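Written below as structure tokens is the structure these notes are about.
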Amino acid sequence: MTSPEAAAEHLKVIRSLMERANTYRAISAPGAFVGGLLALATAATLARINADLNPGNGGNVFTLAWLIALAVSGLTNALLLARHAASRGEPFFSPGMRLALRSLTPPLFVGGLLGITQAVLHNQPDQCAITWILCYGLALLATANFAPLSIRYLGMAFVGSGTLLLLLWHLGACPPDIPDTTLGAIFMALTFGILHLVYALSVGLKKHAHDEAG
């Protein structure tokens, strides 16, 4: 495919994604709801067992717990997207899906790698959490050219929250008596938990209002 043809195909895919933005937003709401609940449950579990953890093992447990939560949340989203694609008679890895993955993968990969390094090698789960929050927000903002406006707002909320938490951490404003594993769990609950639930509720209310108006 020549460069002009590739550019035209790229624009066609973006236009198609923008036209289906409301549909994708409705699909993402249940996934965000499940992800939010999982984040709160994972954070609560880590905070509860923190007292029984070996201080040098907190980062490993933190990483394992959140990778499990990520796997469950990712599977939920994949099933929702697969069902939607099947209902439209489209392949799961459509051009739109491939474009979205190309946009999301770099910040998610870098953030995941840095965070795991901080937690596992340096036993800093609180810093790992901040890294994941910031890079997840950047990943959402990387889809700004074709994603619904609500996704961009969610990305800005994550980047803003991550930046604030990073500043508070460096200024020593976080309570020093809270263990790093618990502090990281709190950071994750406030963002991946609360922000995802707020997003899901907001999208659900908008969809309900749209359906009522229709």
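This structure is a prediction, so every number in the text was calculated from the model and none was measured.
Taking hydrophobic clusters as Ile, Leu, Val, Met, Phe, Trp and Tyr residues chained together by side-chain heavy-atom distances below 4.5 Å, Phe62 shares a cluster with Ile49. Linking Ile, Leu, Val, Met, Phe, Trp and Tyr whenever their side-chain heavy atoms come within less than 4.5 Å leaves Leu114 and Leu70 in two separate clusters. Note: the hydrophobic cluster containing Met156 also contains Leu149 (ILVMFWY, side chain heavy atoms under 4.5 Å, direct or indirect links). Note on Leu183 and Val120: same hydrophobic cluster, where clusters join Ile, Leu, Val, Met, Phe, Trp and Tyr whose side-chain heavy atoms are under 4.5 Å apart, directly or indirectly. No chain of hydrophobic side-chain contacts below 4.5 Å, direct or via other Ile, Leu, Val, Met, Phe, Trp or Tyr residues, connects Leu154 to Leu197.
Taking the side chain as every heavy atom from C-beta outward, Gln118 and Asp126 never approach each other to under 4.5 Å. Taking 4.5 Å as the limit, every side-chain heavy atom of His196 sits out of range of all side-chain heavy atoms of Val34. Considering only heavy atoms from C-beta on, Ser161 stays 4.5 Å or farther from Leu190 through its side chain. Residues Trp66 and Leu38 have side chains not in contact (no heavy-atom distance under 4.5 Å, counting atoms from C-beta outward). Counting heavy atoms from C-beta outward, Leu46 and Thr182 have side chains that stay 4.5 Å or more apart. The shortest distance between side-chain heavy atoms of Leu138 and Val110 does not fall below 4.5 Å. At least one side-chain heavy atom of Phe33 sits less than 4.5 Å from a side-chain heavy atom of Leu37. Within the 4.5 Å cutoff, the side chain of Thr42 has no heavy atoms near those of the Met188 side chain.
Put simply, CZ on Arg152 and CG on Leu140 are 12.0 Å apart, with the number rounded to the nearest 0.5 Å. Going from atom OG1 of Thr191 over to atom CD1 of Ile194 covers 9.5 Å, rounded to the nearest 0.5 Å. Interatomic distance, Thr76 OG1 to Leu81 CG, rounded to the nearest 0.5 Å: 11.0 Å. Put simply, OG on Ser103 and CG on Leu108 are 10.5 Å apart, with the number rounded to the nearest 0.5 Å. Note: Thr163 OG1 to Ile133 CD1 = 10.0 Å, rounded to the nearest 0.5 Å. For the atom pair Asp180 CG and His122 NE2, the distance stands at 13.5 Å (nearest 0.5 Å).
The backbone N or O of Gly59 sits less than 3.5 Å from a side-chain atom of Asn123, completing a donor-acceptor pair. Judged by distance alone, with hydrogens and angles left aside, the side-chain atoms of Ser202 form no donor-acceptor pair with the main-chain N or O of Val198 at under 3.5 Å.
The heavy-atom pair separating Leu40 from Ala189 by the smallest distance is CD2-O, 3.7 Å. Across all their heavy atoms, Ala185 and Ala43 have their closest contact at O-CB, 3.3 Å. Shortest non-hydrogen contact noted between Ala129 and Gly184 is CB-O, 3.6 Å. Pairing each heavy atom of Gly111 with each of Cys135, the nearest pair is CA-SG, 3.4 Å. Minimum heavy-atom separation, Trp132 to Gly115: NE1-CA, 3.6 Å. Listed here is the closest heavy atom pair of Gly31 and Leu80: N-CD1, 3.6 Å.
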Verdict with supporting geometry, Val61 and Thr181, side-chain contact (heavy atoms from CB on, under 4.5 Å): CA-CA 9 Å; Val61 175; Thr181 302; over 6 Å; no
ring-ring contact (aromatic ring centres under 6.0 Å, His included) evaluation trace for Phe192 with Phe187: CA-CA 8 Å; Phe192 285 92; Phe187 291 165; over 10 Å; no
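Between Tyr136 and Phe158, the ring planes are perpendicular. Angles over 60° get that label, and only those under 30° would be called parallel.
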